[in-house]
Amino acid sequence: MIKRLDGPPPEDAKRKLPQRLQDAGYLLACQCTPAEDMVLAPRSPEDMLTSCVLMQIDRPDNRICVLSFEAVSELEFTPGQHAQLLHPDWADPIGMELMGRDESTNWIQATVHIPDGPCPHWLTDSDAAFGVTFDLRGPFPVEPSQEVTPLPPDPELWTALDGGRTVRAVLESFYESVYADALLRPYFERVTMDRVIGKQYAFLMQSITGEAVYIGERPRNSHHWMVIPDSVFDHRQKLMLDAQQAHGLTEELIERWSRYEEQYRPDIVKYSPWARRIGDQLVETERYDSLVLGEATVCDYCALEIAAGTEVRYHVRLGQVGCKNCAPSLKTA
Ligand code: HEM
């Protein structure tokens, strides 16, 4: 089963799939006789739903519960993978970590962290749990232990792209459409288009020519906090393809260029933020911490002046500082 990104899948190839997957663009490759070019992507875990029946809930303590359930169809997963529980009672997906199978019952077991606020009553009431049916979305890939090893350079490609002039022209058109795109625009909220074009150009030049011209983070760390599911990555690649085609690049050149982007999919696609990695250390940056100000500043939230020597809260990744009025709303995690 694969997914078509640039239009509806052919009728013959989608007919045997459930309506939901047809609507999401899926088709069966083995049933498909293509009549035109199609942009295809592998199946994405966010589109995969498995019906499940809850058998039991245990609560080892107040913060977590362990769900035991049966999947109605085959569910392949590796212990440690994350998934989401979807139930009509509850608008938001409930995150869970798949632990494995109970040896005697063969039930799948997963842990759920119980939220501070309200949650579905059957999640905390063991007696009400038996027989609750839900959909499991996923499972999602776990963070790879190794970063992607970059492809060797292809300097002839750079020459064929007019010594980089075509790359810059394509990037300018591409980011015009990214900044006008409802799905991608929010990621670029704090970044100017010039900056990102410059970074992307230098990164591609270094990757393709092998010359050390790029100063910046590797893709694993520059995107570590961004939740970019496969569908968003695919959508980005489709906009890139449109820009490359609009500038008249041949299929062969597009394929050679795309390799340098596609290779980073495992370092960029994720379903929850990753900690920043510095050597072997993982640093959580999506949180607030405290410090005593060495110099006076203004609050980034209400613009009130804050005197030197004041203890303030700040966001670890963004560096935004909050005054005493705003600080109470800035949680630790
Ligand atoms: C849907 C996919 C992607 C999204 C939403 C995305 C988003 C972003 C954003 C918002 C930034 C600016 C970060 C900052 O300056 O704070 C950025 C930087 C960057 N991205 Fe992506 N990106 C995506 C895919 C890719 C791909 C496929 C590549 C590989 C070629 C890539 C390479 C880079 C590089 C090299 C930077 C500069 C890092 C730095 O400033 O040090 N991105 N990206």
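When a ligand or atom number is given, it counts from 1 through the structure's own listing order.
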Undergrad: Taking Glu261 first and then Arg236, would you say they form a salt bridge - that is, a charged N and a carboxylate O separated by under 4.0 Å?
TA: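 Yes.
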Undergrad: Atom 39 (C) of ligand 1: which of Phe203, Trp225, Phe233, Tyr214 has the nearest heavy atom?
TA: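 Nearest option to atom 39 (C) of ligand 1, by heavy atoms: Tyr214.
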Undergrad: Quick one: which ligand 1 atoms are inside 4.0 Å of a heavy atom on Gly216?
TA: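 Counting atoms of ligand 1 from 1, those under 4.0 Å from Gly216 are 41 (O).
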Undergrad: Using a distance-only test with no angle check, is there a side-chain donor-acceptor pair under 3.5 angstrom linking Tyr264 and Arg218?
TA: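 Yes, because at least one side-chain N or O of Tyr264 sits under 3.5 Å from a partner of the opposite role on Arg218.
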Undergrad: Can you tell me which residue and heavy atom of the protein come closest to atom 16 (O) of ligand 1, and the distance to 0.1 Å?
TA: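 Sorting protein heavy atoms by distance from atom 16 (O) of ligand 1 puts Val191 CG2, 4.2 Å first.
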Undergrad: Could Glu262 and Arg259 be called an ion pair, given the rule that one side-chain N must be under 4.0 Å from one carboxylate O?
TA: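 A salt bridge is absent here (no side-chain N lies under 4.0 Å from a carboxylate O).
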Undergrad: Just to verify, what does Glu172 make a salt bridge (Lys or Arg N to Asp or Glu O under 4.0 Å) with, not counting sequence neighbours?
TA: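 Here no residue qualifies.
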Undergrad: What salt bridge (Lys or Arg N to Asp or Glu O under 4.0 Å) pairs are there with at least one residue in residues 37-51, not counting sequence neighbours?
TA: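 Every pair satisfying salt bridge (Lys or Arg N to Asp or Glu O under 4.0 Å) with a residue in residues 37-51: Lys3-Asp47.
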Undergrad: When you check the gap from the basic side-chain N to the acidic O, do Asp234 and Lys238 get nearer than 4.0 Å?
TA: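 Here Asp234 does not pair with Lys238 in a salt bridge, since their nearest N and O are not under 4.0 Å apart.
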Undergrad: Who gets closest to atom 14 (C) of ligand 1 by heavy atom: Arg195, Glu261, Arg190, Arg236?
TA: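 Of the listed residues, Arg195 has the closest heavy atom.
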Undergrad: Could Glu11 and Arg15 be called an ion pair, given the rule that one side-chain N must be under 4.0 Å from one carboxylate O?
TA: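 Looking at Arg15 together with Glu11, the answer is no, because their closest N to O distance does not fall below 4.0 Å.
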Undergrad: Please list the nearest protein heavy atom to atom 4 (C) of ligand 1 with its residue and the distance rounded to 0.1 Å.
TA: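 Here the nearest protein heavy atom works out to Ile228 CD1, 3.6 Å.
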Undergrad: Report the nearest protein non-hydrogen atom to atom 10 (C) of ligand 1: residue, atom name, distance rounded to 0.1 Å.
TA: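 Answer for atom 10 (C) of ligand 1: Tyr187 O, 3.1 Å.
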Undergrad: So between Gln237, Glu217, Arg218, Met226, whose heavy atom ends up nearest atom 41 (O) of ligand 1?
TA: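 Closest candidate by heavy-atom distance is Glu217.
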Undergrad: Could you pull out the N/O/S protein atoms under 2.8 Å of atom 21 (Fe) of ligand 1, ignoring any water?
TA: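 You should have found His223 NE2.
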Undergrad: Taking everything shown except Glu217 itself, do over 12 heavy atoms lie less than 6.0 Å from its CD?
TA: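 Yes, the 6.0 Å shell around CD holds more than 12 heavy atoms from other groups.
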Undergrad: State plainly whether the residues Arg137 and Asp135 are in salt-bridge range, i.e. N to O under 4.0 Å.
TA: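 No, no charged N to carboxylate O under 4.0 Å.
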Undergrad: Which residue supplies the protein heavy atom nearest to atom 7 (C) of ligand 1, what is that atom called, and how far is it?
TA: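 Protein heavy atom at minimum distance: Phe188 CZ, 3.4 Å.
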Undergrad: Tell me every residue that passes salt bridge (Lys or Arg N to Asp or Glu O under 4.0 Å) with Arg63, counting only those two or more places apart in sequence or in another chain.
TA: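 Only Asp61 meet the salt bridge (Lys or Arg N to Asp or Glu O under 4.0 Å) criterion with Arg63.
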